[in-house]
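First up is the structure itself, then whatever we jot down about it.
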Amino acid sequence: MANSAHPAKGDPVDIDGAIAERPREIRQYPLLNAVYARHDQLINEWARGRTLEIAHGQYAHPTADVAVDIFAENAHAAQCAAAVSDARQLPFTSDSFEMVIGRRFLHYVPAEDRLQLIEECKRVFKPGG
């Protein structure tokens with residue numbers, strides 16, 4: 001696992017105990033691009049209300065109103081309001097979103113932190129969302 005000052009794009013890095021994937025251009029990987037396109041179709045079928053996307057990477061989902069990512073370069077590239085944040089401590093008030101999207105990132109979160117992350121998502125998720 002890379003953990004240098006300048007890891008290559010796509011290499012995972014340790015950020016305060018959480019593993020994050022360095023930004024990369026996913027469109028360079030045809031199979032992954034197709035899988036991600038299918039994910040996006042499914043999300044579109046369920047999208048409703050104010051939506052938060054966690055760990056959006058290079059491309060926030062088109063339905064996302066707000067996105068958070070640990071990398072500033074991703075937050076700056078988002079096509080919606082974006083914040084640099086660790087998803088284990090979201091910078092939003094409770095009950096803020098009708099939908100929370102988390103695409104393709106949970107496997108990078110250390111197993112011992114996954115429950116905390118899910119609880120944090122539940123905290124910002126509106127009842128009935």
Side-chain angles (χ1 to χ4, degrees):
M1 177 183 322
N3 193 7
S4 65
H6 301 288
K9 288 188 179 286
D11 284 349
V13 294
D14 182 316
I15 300 175
D16 294 330
I19 304 303
E21 180 183 18
R22 293 288 307 162
R24 63 180 167 160
E25 175 52 69
I26 202 63
R27 293 177 186 152
Q28 294 176 354
Y29 305 89
L31 179 58
L32 285 177
N33 195 37
V35 169
Y36 292 3
R38 180 63 180 138
H39 288 172
D40 289 350
Q41 288 173 342
L42 293 170
I43 291 168
N44 284 338
E45 291 174 19
W46 291 93
R48 67 181 189 281
R50 187 165 184 244
T51 300
L52 167 66
E53 181 166 9
I54 296 171
H56 59 87
Q58 294 277 303
Y59 303 100
H61 192 273
T63 63
D65 297 295
V66 180
V68 296
D69 199 281
I70 197 74
F71 293 104
E73 61 199 274
N74 288 341
H76 294 302
Q79 298 298 313
C80 60
V84 177
S85 177
D86 185 325
R88 296 171 296 179
Q89 296 179 325
L90 295 169
F92 307 107
T93 59
S94 298
D95 305 330
S96 296
F97 299 94
E98 284 85 13
M99 184 170 181
V100 177
I101 300 171
R103 304 180 290 165
R104 312 172 288 268
F105 79 95
L106 197 57
H107 58 285
Y108 286 114
V109 177
E112 62 273 13
D113 290 347
R114 290 179 188 156
L115 182 58
Q116 177 186 353
L117 186 143
I118 291 168
E119 290 296 326
E120 187 64 356
C121 290
K122 284 174 46 179
R123 181 186 67 75
V124 301
F125 197 56
K126 284 186 177 182

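- Taking CD1 from Ile70 and NE2 from His56, the interatomic distance works out to 11.0 Å, rounded to the nearest 0.5 Å.
- When every heavy atom of Arg123 is checked against every heavy atom of Thr93, the shortest pair comes out as NH1-C, 3.6 Å.
- Distance CZ/Arg88 to CD/Glu119: 15.0 Å, rounded to 0.5 Å.
- Grouping the Ile, Leu, Val, Met, Phe, Trp and Tyr side chains by contacts below 4.5 angstrom, directly or via other members, places Leu106 with Phe125.
- Distance check, rounded to the nearest 0.5 Å: CD1 of Ile54 to CZ of Arg103 gives 12.0 Å.
- Heavy atoms of other residues, nucleotides or ligands lying less than 6.0 angstrom from CD of Gln89 number 12 at most.
- Remark: Ser85 pairs with no residue by the side-chain hydrogen bond (donor to acceptor under 3.5 Å, both in side chains) rule, at least two apart or across chains.
- With sequence neighbours excluded, the residues that form a side chain to side chain contact (heavy atoms under 4.5 Å, CB included) with Phe97 are Arg50, Leu52, Val66, Phe92, Val100, Val124.
- Residues Ala78 and Ala60 approach most closely at CB-CB, 4.4 Å, considering heavy atoms.
- Salt-bridge check for Glu98 with Lys126: passed, with a basic side-chain N closer than 4.0 Å to an acidic carboxylate O.
- There is no path of hydrophobic side-chain contacts, each under 4.5 Å, that joins Tyr36 to Ile43.
- Taken to the nearest 0.5 Å, the CE atom of Met99 stands 5.5 Å off from the OG1 atom of Thr63.
- Across all their heavy atoms, Asp69 and Gly57 have their closest contact at OD2-N, 2.8 Å.
- Taking Gln41 as the reference, Arg38 meet the side-chain hydrogen bond (donor to acceptor under 3.5 Å, both in side chains) condition, with sequence neighbours excluded.
- With hydrogens and angles ignored, the 3.5 Å screen pairs a side-chain donor or acceptor of Glu53 with a backbone N or O of His61.
- The local environment of CD in Gln116 is crowded, with over 12 non-hydrogen atoms from other residues, nucleotides or ligands closer than 6.0 Å.
- Taking CG of Leu90 as the reference point, atom CG of Leu117 lies at 7.0 Å (rounded to 0.5 Å).
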